[in-house]
Amino acid sequence: MTVSVNFLATMVSIALAVTLVSPFILLILWFRDWRKGRLW
Amino acid sequence: MNPVNSAILDPTVGWGILAAFSVLWVWLGWFWGRRAKELDDYVLAGRRVGLALGTATAMATWVTSNTTMAAPQLAYQMGIWGMLGYSLGSVGLILFAPLARRIRALMPGGFTSGDFIRLRYGKTAWRVFLAISLFYGLGWLISLGMAGGILINALTGIDYRLGMSVILAICVLYTMLGGLRAVIGTDFIQTLLILFGIIVLAWLAIDAVGFERMHEAVVEERPELLNLLMPAAIMFLFNNLLFGVGEIFHSNVWWSRAFAFDKGVGFKAYLTAGIFWMPIPVVAGFIALAAPALDLNVPAPDMVGPLVAANLLGVGGAILVFIVVFSALASSLDSLLAATSDLVLQDIYRGHLQPQATAEELRRAARWVVVGLGLVAWLLCLPRLTSLAALLHFTGAFVASTIWPIAAGLYWRSTNPTGAMAAMLLGTAIGLAAYFLIGFYVAALVSALVSMCIVLASTWLAPRDFDWSSLNERRY
């Protein structure tokens, strides 16, 4: 059972979208911790 | 193919990048570590790490060179299931989230995973666990050191031994200077670099080759890579899931963070890190499927990622891969050095050699343990013994045997020491037999299954009433 090109494209696109968002969330979390003096 | 002739980057550029990042990491290590006078400050970053740094360090540590180099390798060897199987490594991080919360609650003054096994199951099981954990730690260190040498060699033509030595030396230096604070601080920057790098690489690969062309060439030349019913790959998927869970549940890399995170941070940090980590092997791995379309000659499967990137993107791509894998390597190497040296310091040095050692003496010894561990790893990396994935999966039989003794030991009063020890020993032995008789893709699966049966049977047949408060040991 061979996967279609659409399956491959969808799988990679979803993965890419989540990876694209994650650095921004990390930066927001960092800023929030830093403002509260709770980085470490 | 001669790596020197096929190298995309000039060795001078490679040395330049290495030098720039080395100066940055070492300076940050010194800067963050200069105030770490107490043992807790040095080995556990003061036990007050927040959510942002906690999430990033869990992500960065789990995104190793094995992810950025072995994910393309697995995609090249096992196709779709190779990538998805690797992604399931994130399940370990997600499942560890509740464990991290429980570890922090039960052992607020704990230092290592060895502390838990010693207090929960006694000294004999502790020694069995230490043997497994140290073997795994060294195996992972070697695979990381080797990955560093291979990457530098593939991209710049710099000799494998020289590149490997430089990467190890840099990580040893800044970990020694700054302890866990340096490790966690640099992990945050390294996470951002890794994420930025793999996003750019994936984006450009899609732009340059496209899914249609990639799919067409793979169907023509290696159709099995796109087959959803590839039996070995499906076994690999489950095996990798259990391998990842075993690695995280037992390793002091993750336990030391559970102790270091501020109250209430552990659960959220591991859960978020797991969710963000899950797509990374797909994003980093799928570019290997472009190899048939590009008609690339791949001399060794573990070089497919850098070769595709360099072929597609030229010098810029090679520099980007270099930075991504260097960051991934450093973020895991430093964590592993710090956590394994804690294990050696607390469980071997203090636990077996100097039981009366004070916190101050341990603080001084900690630096030398990091250096010693780096030296041992360097010696074992010198001969390039095996492929990265083979070495990595060999340890699967060991670590998967610890999943049940740890999980059951944290939640069930009735699990007994004999059952836990037998589960680790027999799980490892039968898992290793499966590794040699069947294949690497079943070692962790068999080991975890055997371990589970033994823990469940022994808990049911000989229950014990464990007192949770005995885990709250205050040493210093």
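A note on names: the letters A, B, ... follow the listed sequences, proteins ahead of strands, and every chain is numbered from 1.
When the shell of 6.0 Å around CZ of B:F196 is examined, it contains 12 or fewer heavy atoms from other residues, nucleotides or ligands. For B:R213, the CZ atom is densely surrounded, since the number of other residues' heavy atoms within 6.0 Å is greater than 12. Dense packing is recorded around CD of B:E221, with more than 12 heavy atoms of other residues, nucleotides or ligands lying under 6.0 Å away.
Nearest approach of A:T19 to B:I199, heavy atoms of both residues: O-CD1, 3.4 Å. Between A:S22 and B:L195, the shortest heavy-atom contact is OG-CD1, 3.6 Å.
Looking only at heavy-atom pairs under 4.5 Å with chain B, the residue among A:V12, A:V18, A:L20, A:L27 that has the most is A:V12. Between chain B and the options A:V21, A:I14, A:N6, A:I25, the largest number of non-hydrogen pairs under 4.5 Å is found for A:I25. Comparing B:A56, B:G54, B:A52, B:G185 by how many heavy-atom pairs each has under 4.5 Å with chain A, the most go to B:A52.
Relative orientation of the B:F188 and A:W30 rings is tilted, given thresholds of 30° and 60° on the angle between their planes.
In this structure, B:I80 and A:M11 have side chains that are in contact, with non-hydrogen atoms separated by less than 4.5 Å.
In this structure, CH2 on A:W40 lies 11.0 Å from CG on B:D41, to the nearest 0.5 angstrom. Here B:F211 contributes atom CZ and A:S4 contributes atom OG; the two are 11.5 Å apart, rounded to the nearest 0.5 Å. Taking CG from A:L16 and CD1 from B:I198, the interatomic distance works out to 8.5 Å, rounded to the nearest 0.5 Å.
Using a 4.5 Å cut-off between heavy atoms, B:M59 contacts chain A through its side chain alone, with no backbone atom that close. Looking at B:T191, the atoms closer than 4.5 Å to chain A (heavy atoms on both sides) all sit in the side chain, from C-beta outward. Interface residue B:I206: only side-chain heavy atoms are found under 4.5 Å from chain A. When heavy atoms are compared at a cutoff of 4.5 Å, B:L192 approaches chain A solely by way of its side chain, counted from C-beta outward. Contact of B:R47 with chain A is not made at all, since no heavy-atom distance falls under 4.5 Å.
No side-chain donor-acceptor contact under 3.5 Å links B:H215 to the backbone of A:A9. Between the A:D33 side chain and the B:L51 main chain, a donor and an acceptor come within less than 3.5 Å of each other.
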>> side-chain contact (heavy atoms from CB on, under 4.5 Å) for B:L289 and A:L8? Distances and angles first, verdict last.
In response: CA-CA 10 Å; B:L289 297 181; A:L8 181 68; 3.9 Å; yes
